[in-house]
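Quick notes on the structure that follows.
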Amino acid sequence: MRTAIYPGTFDPLTNGHLDLIKRGLCMFDRIIIAVAPSLKKQPLFTIEERLAFIKSAVKGLKGAEAAAFDGLLVDYVRKSKGVAILRGLRAVSDFEYELQIALMNRRLNHSIETVFMMPSEEYTFLTSSIIKEVTSFGGSVKGFVPEKVEEALREKFKTLKGTRG
Ligand code: ADP
């Protein structure tokens, strides 16, 4: 049983993330999508909301599960009996940051490998931030996020607009 941990903020989950999870399941028996609080990034959705989106989206995917995690990633991987960390590489711009984290994680625990995968071209430029930005201005993100996420984004921005008058 080979387990990989796919960590991230997932604020919110996009079809790019899902594409990566499906690709990962071709290599690993089990993927734990590990949602970090990432409070520094001031997420739009609570960790419970982010987890609920993922749980609903991976319902039919055998081997995929979601959990919240906090603290050092390598400790979480070890506790979960994971052999690898799964990360996505989109454009070249991801590379430098990902290289830094991967090498630091290797220094912290040399028995855990970081595996990078590339999504399908149509998701190469897709980020959770762009999704939030487009929705905040009333644009459609259909086809880029699961339907439940699309609805929740619409609701969230309606509420935010309401509270800001
Ligand atoms: P983080 O705060 O860790 O960057 P994200 O939720 O933004 O959290 O991303 C989690 C992981 O998913 C990262 O490895 C990121 O590169 C990858 N990822 C994000 N969007 C996509 C996408 N559209 N296609 C493939 N991988 C992606």
Side-chain angles (χ1 to χ4, degrees), residues 3-28 30-58 61 63-77 80 82-109 112-136 139-150 152-153 156:
T3 299
I5 311 299
Y6 179 30
T9 308
F10 303 102
D11 183 42
L13 176 80
T14 69
N15 288 345
H17 291 128
L18 274 175
D19 179 283
L20 218 74
I21 295 164
K22 287 179 193 159
R23 284 172 203 282
L25 283 172
C26 299
M27 291 176 64
F28 297 98
R30 180 173 168 237
I31 293 191
I32 304 175
I33 302 123
V35 186
S38 302
L39 297 180
K40 259 203 268 174
K41 289 192 170 180
Q42 298 190 307
L44 178 67
F45 292 103
T46 64
I47 195 145
E48 290 80 15
E49 288 173 317
R50 286 180 269 150
L51 266 170
F53 296 145
I54 301 171
K55 284 188 178 158
S56 141
V58 303
L61 293 179
E65 46 192 91
F69 95 98
D70 209 351
L72 212 50
L73 177 61
V74 288
D75 289 343
Y76 180 77
V77 177
S80 318
V83 292
I85 295 167
L86 179 64
R87 292 288 287 180
L89 273 187
R90 289 162 292 187
V92 184
S93 50
D94 278 340
F95 183 76
E96 205 169 328
Y97 174 65
E98 292 294 341
L99 179 76
Q100 282 175 4
I101 325 182
L103 293 182
M104 179 52 84
N105 281 334
R106 179 179 284 162
R107 177 66 75 90
L108 294 169
N109 187 329
I112 299 168
E113 284 298 334
T114 301
V115 174
F116 294 102
M117 297 192 91
M118 282 173 218
S120 168
E121 300 98 86
E122 69 231 76
Y123 304 129
T124 306
F125 295 101
L126 190 55
T127 67
S128 297
S129 306
I130 286 185
I131 291 293
K132 285 181 277 189
E133 182 130 0
V134 170
T135 333
S136 75
S140 166
V141 289
K142 206 173 172 59
F144 289 123
V145 292
E147 253 170 52
K148 278 208 170 121
V149 173
E150 206 186 325
L153 277 161
K156 189 68 107 178

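Read the numbers this way: they start at 1 and go in the same order the structure lists the ligands and their atoms. These numbers were taken from a predicted model, which means no experiment stands behind them.
Sparse packing is recorded around CZ of R106, with 12 or fewer heavy atoms of other residues, nucleotides or ligands lying under 6.0 Å away. With a 6.0 Å radius and a threshold of 12 heavy atoms from other residues, nucleotides or ligands, M118 has its CE atom at or below the threshold. Counting heavy-atom neighbours within 6.0 Å of F116 CZ, excluding the residue itself, gives a total above 12.
A salt bridge is defined here as a Lys NZ or Arg NE, NH1 or NH2 lying under 4.0 Å from an Asp or Glu carboxylate O, and K55 with E65 fails to meet this definition.
Checked by atom type and distance alone, the side chain of D11 pairs as donor or acceptor with a backbone atom of L44 at under 3.5 Å. The closest donor-acceptor contact from the side chain of R50 to the backbone of A36 lies under 3.5 Å. Side-chain atoms of T14 come within 3.5 Å of backbone N or O of G16 as a donor-acceptor pair. With hydrogens and angles disregarded, a donor-acceptor distance shorter than 3.5 Å links the side chain of R87 to the backbone of P7.
Close contacts between ligand 1 and F10 involve ligand atoms 6 (O) [criterion: under 4.0 Å to a heavy atom]. Interface atoms of ligand 1 facing R87, defined by a heavy-atom separation under 4.0 Å, are 3 (O), 4 (O), 10 (C), 11 (C), 13 (C), 14 (O). Of all atoms in ligand 1, numbered sequentially from 1 with element shown, those under 4.0 Å from a heavy atom of E98 are 14 (O), 16 (O). For ligand 1, the atoms lying closer than 4.0 Å to a non-hydrogen atom of G16 are 22 (C), 23 (N), 24 (N), 25 (C). Close contacts between ligand 1 and G8 involve ligand atoms 3 (O), 8 (O), 10 (C) [criterion: under 4.0 Å to a heavy atom].
Contact annotation: K41 has at least one heavy atom less than 4.0 Å from an atom of ligand 1. The closest approach between a heavy atom of A36 and any atom of ligand 1 is not below 4.0 Å. Residue Y6 places a heavy atom less than 4.0 Å from ligand 1.
Considering backbone and side-chain N/O atoms, P7 never comes within less than 3.5 Å of an N/O atom of ligand 1.
By the 30° and 60° cut-offs, the orientation of the rings of F69 relative to Y76 is tilted.
In terms of protein heavy atoms, atom 9 (O) of ligand 1 is closest to H17 NE2, 3.7 Å. Looking at atom 21 (C) of ligand 1, its nearest protein heavy atom turns out to be R90 CD, 3.5 Å. Protein heavy atom at the shortest distance from atom 8 (O) of ligand 1 is T9 N, 3.0 Å.
Comparing S128, G88, P119 against atom 24 (N) of ligand 1, the shortest heavy-atom distance belongs to P119.
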